[in-house]
Amino acid sequence: MHDIAFIRANPESFDAAMHKRGAEPVADRIVALDAKKREATTKVQQAQSRRNEASKAIGQAMGQGDKDKAEALKAEVAEIKTSMPEWEEAERAAGEELDRLLATLPNIPADDVPEGADEDDNIEVHQWGEKREFRFEPKEHADLGPALGMEFETGAKLSGARFTFLRGDIARLHRALAQFMLDRQTRENGYTECNPPLLVNDDAMYGTDKLPKFAADSFRTIDDRWLVPTSEVPLSYSVAGEILPDLAEPMRLTAHTLCFRSEAGSAGRDTRGFIRQHQFEKVELVSICRPEDSEAEHERMTKCAEGVLEALNLPYRRMLLCTGDMGFGARKTYDLEVWLPGQGAWREISSCSNTGDFQARRMNARYRPEGEKKTQFVHTLNGSGLAVGRTLVAVMENYQSEDGRVEVPEALHSYMGGVTKLEPR
RNA sequence: GGAGAGGUGGCAGAGUGGUCGAAUGCGCUGCACUCGAAAUGCAGUAUAGGUGCAAGCCUAUCGAGGGUUCGAAUCCCUCCCUCUCCGCCA
């Protein structure tokens with residue numbers, strides 16, 4: 001949600017920002033609607049004020065037993081009230097239209113976000129790690145998988161496309177990855193472990209900017225809840241409506257959860273393999289912090305995600321997303337892309353975004369700066385640390401040998417109960 | 001799923017149609033007393049919006065949304081949530 005006062009004061013720079021994100025100029029419309037709404041608000045409030053005054057006088061007249069005076073005042077109030085519904089309706093209509101319009105507008109990009117149309121305009125910030133040299137043609141995970149217990153056919157039989165059944169040591173490796181990530185983020189990076197509900201209401205989805213724009217991307221339950229598309233939703237929304245005492249240190253939350261996405265609109269993309277599933281697991285990082293801290297926190301969070309890749313010795317690169325490729329609510333986003341030798345491609349494995357106060361406004365999440373009376377909106381950040389399924393894919397492709405076996409990365413040995421290799425059947 | 005009770009300010013808790021944004025207590029802040037502290041006394045202590053250069057004024061908010069009324073924390077309806085008992089259950 002945008003700050004209406006900012007748009008009112010800076011309509012041109014607002015439109016310029018929307019233009020960068022491929023949206024039409026709307027500031028004029030917003031300012032006009034806002035003026036209309038405030039005019040109606042003032043009229044309504046004036047009428048209410050007069051009504052309240054007269055009602056008070058009626059009470060006094062009744063108290064003194066002056067029936068005639070009371071009746072006269074009643075008639076006066078009736079007169080005052082005739083114009084109220086009209087202005088109330090005007091206020092409601094303008095407010096609703098304004099909200100609807102504002103709800104569909106993406107966040108304003110940060111100054112250092114490059115302008116661009118799509119992923120080709122993203123900027124590589126840095127690369128880490130050496131791409132491993134293979135003395136054979138490395139396979140894609142989708143080809144390695146079935147012999148190792150990554151059963152696409154079984155998943156399809158049970159549930160349909162984009163579902164996969166993991167059996168045996170590969171299921172354990174998947175679990176080990178999640179445990180490893182969660183332990184690392186909690187023990188080394190100071191995140192507090194959470195276990196949130198995975199079915200959430202409309203408010204939580206709206207507050208974290210998944211509604212109204214992306215309703216089709218998520219699953220709806222028959223009792224009108226949503227399956228979380230990411231645990232960012234419950235983690236971030238946990239501070240909705242709160243006034244946090246102070247945020248000298250950012251509030252850092254993490255959770256390992258299932259995520260559900262309908263993947264409407266991505267038909268035909270990544271249909272093969274384990275990359276794009278309706279159900280997947282993710283270790284999510286969320287930070288709630290003061291506005292002046294969010295930029296540093298964004299860097300820190302991204303490093304926390306990178307640390308997992310480094311510990312697993314998986315080559316990756318950090319991309320700064322351009323205006324055209326950023327998510328709706330983000331003001332700045334880094335994607336981490338891991339190297340997949342089987343596919344010969346970089347694939348997104350984490351996305352870390354600073355949403356500024358965009359979500360905080362929607363969910364009314366504030367804090368009170370030390371010693372001050374006024375509250376301020378917090379800044380919220382979210383990132384993957386990491387997507388578990390895609391990390392499994394990266395391990396398979398980077399740690400494979402010619403005979404189809406996959407070595408378990410050293411960092412995971414303590415989680416694997418002595419298993420150091422996945423053996424094909 | 002059935003039966004009942006209830007949701008009031010940071011907390012506890014009054015208030016069942018008329019100066020109620022809300023008594024009182026606790027907590028918190030400031031001041032006084034004190035060498036200092038405690039105790040005590042006094043004062044202050046919600047959020048959001050509109051309007052104004054400002055002091056201020058106005059409006060809304062007693063779980064949420066509607067309704068009745070000149071006037072609603074208080075009456076009516078719908079929904080949400082919490083608690084107790086019964087049933088069922090991982």
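A note on names: the letters A, B, ... follow the listed sequences, proteins ahead of strands, and every chain is numbered from 1.
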Spacing of the [atom1] atoms in [M] and [N] (rounded, Å):
N       : M       : atom1 : result
rU82(B) : rU8(B)  : C1'   : 15 Å
rU16(B) : rC20(B) : C1'   : 13 Å
rG17(B) : rG71(B) : C1'   : 8 Å
rA64(B) : rA72(B) : P     : 16 Å
rG49(B) : rG7(B)  : C1'   : 26 Å
rG15(B) : rG87(B) : P     : 36 Å
rG13(B) : rG6(B)  : P     : 14 Å
rA32(B) : rA22(B) : P     : 29 Å

(message) Can you confirm whether the side chains of Glu91(A) and Thr41(A) place a donor and an acceptor under 3.5 Å from each other?
(response)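 Present: a donor and an acceptor within the cut-off.
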(request) For Thr164(A) and Gln277(A), test the side chains for any donor-to-acceptor distance below 3.5 angstrom and give the result as yes or no. (result)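 The answer is yes; a qualifying pair exists.
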(message) Please enumerate all residues that pass ring pair (Phe, Tyr, Trp, His ring centres under 6.0 Å) together with Phe163(A), with sequence neighbours excluded.
(response)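 Phe163(A) satisfies ring pair (Phe, Tyr, Trp, His ring centres under 6.0 Å) with His278(A) only.
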(message) Quick check: on RNA chain B, is the nucleotide nearest Thr375(A) upstream (toward 5') of the one nearest Arg225(A), or the reverse? Name the residue that is more 5'.
(response)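 So the residue in question is Thr375(A).
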Could you tell me whether the side chain of [X] and the main chain of [Y] form a donor-acceptor pair under 3.5 Å?
X         : Y         : value
Arg162(A) : Arg276(A) : yes
Asn201(A) : Ala204(A) : yes
Asn354(A) : Thr333(A) : no

(message) Looking at Glu292(A), I want to see if its CD is surrounded by more than 12 non-hydrogen atoms of other residues, nucleotides or ligands under 6.0 Å.
(response)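 It does: Glu292(A) CD has more than 12 such atoms within range.
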In whole angstroms, how far is the [atom2] atom of [N] from the [atom1] atom of [X]?
X         : N       : atom1 : atom2 : result
Leu244(A) : rG10(B) : CG    : C1'   : 14 Å
Ile58(A)  : rU19(B) : CD1   : C1'   : 14 Å
Glu71(A)  : rU69(B) : CD    : P     : 14 Å
Glu88(A)  : rG66(B) : CD    : C1'   : 13 Å
Asp224(A) : rC79(B) : CG    : P     : 14 Å
Asn364(A) : rA46(B) : CG    : P     : 18 Å
Asp202(A) : rC80(B) : CG    : P     : 13 Å
Lys74(A)  : rG18(B) : NZ    : C1'   : 12 Å

(request) Answer yes or no on whether Arg390(A) is positioned over the face of Phe280(A), meaning its NZ or CZ is under 6.0 Å from the six-membered ring centre and within 45° of the axis. (result)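 The answer is no, since Arg390(A) fails at least one limit relative to Phe280(A).
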(message) Between His379(A) and Phe358(A) (judged by ring centroids, cut-off 6.0 Å), do the two rings come close enough to count as a pair?
(response)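 Aromatic pair excluded; centres sit 6.0 Å or further apart.
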(request) Both distances under 3.5 Å, Watson-Crick or G-U wobble: on that basis, could you give the dot-bracket string for RNA chain B, with [ ] for crossing pairs and | for other-strand partners? (result) ((((((((.[[[..)..(.....]]]((((((.......))))))((((((....)))))).[[[[[..)....]]]]])))))))....
If the threshold is 4.0 Å, N to carboxylate O, is there a salt bridge linking [X] and [Y]?
X         : Y         : result
Lys282(A) : Glu284(A) : yes
Arg167(A) : Glu151(A) : yes
Arg318(A) : Glu306(A) : yes

(request) Answer yes or no: is there a side-chain heavy-atom contact under 4.5 Å between His174(A) and Val388(A)? (result)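 Answer yes - side chains close enough.
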Hey, what are the protein-to-nucleotides 63-65 of chain B N/O distances that come in under 3.5 Å?
none

(request) Indicate, with a heavy-atom threshold strictly under 4.0 Å, whether Arg8(A) touches base, sugar-phosphate, or nothing. (result)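 Contact class for Arg8(A): sugar-phosphate only.
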(message) Please give me every residue in residues 34-45 of chain A whose heavy atoms get under 4.0 Å of an atom in RNA chain B, ordered by residue number.
(response)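 Arg38(A), Thr42(A), Gln45(A), in order of number.
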(message) Does anything in residues 49-57 of chain A come within less than 4.0 Å of RNA chain B? Heavy atoms only, and list the residues if so.
(response)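 Ser49(A), Arg51(A), Asn52(A), Ser55(A), in order of number.
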(request) Would you mind telling me which of rA60(B), rG71(B), rU47(B) lies closest to the side-chain atoms of Gln48(A)? (result)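 Nearest nucleotide to the side chain: rA60(B).
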Side-chain donor/acceptor pairs under 3.5 Å, residues 103-114 of chain A, sequence neighbours excluded:
from      : atom 1 : to        : atom 2 : distance (Å)
Thr104(A) : OG1    : Leu101(A) : O      : 2.8
Asn107(A) : ND2    : Gly329(A) : O      : 3.0
Asn107(A) : ND2    : Thr355(A) : O      : 3.0
Asp112(A) : OD2    : Lys332(A) : NZ     : 2.6

(request) Specify the closest pair of heavy atoms between Val378(A) and Arg366(A), including all atoms of both residues, with the distance to one decimal. (result)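 Distance-wise, the nearest heavy atoms are CG1-C, 3.7 Å.
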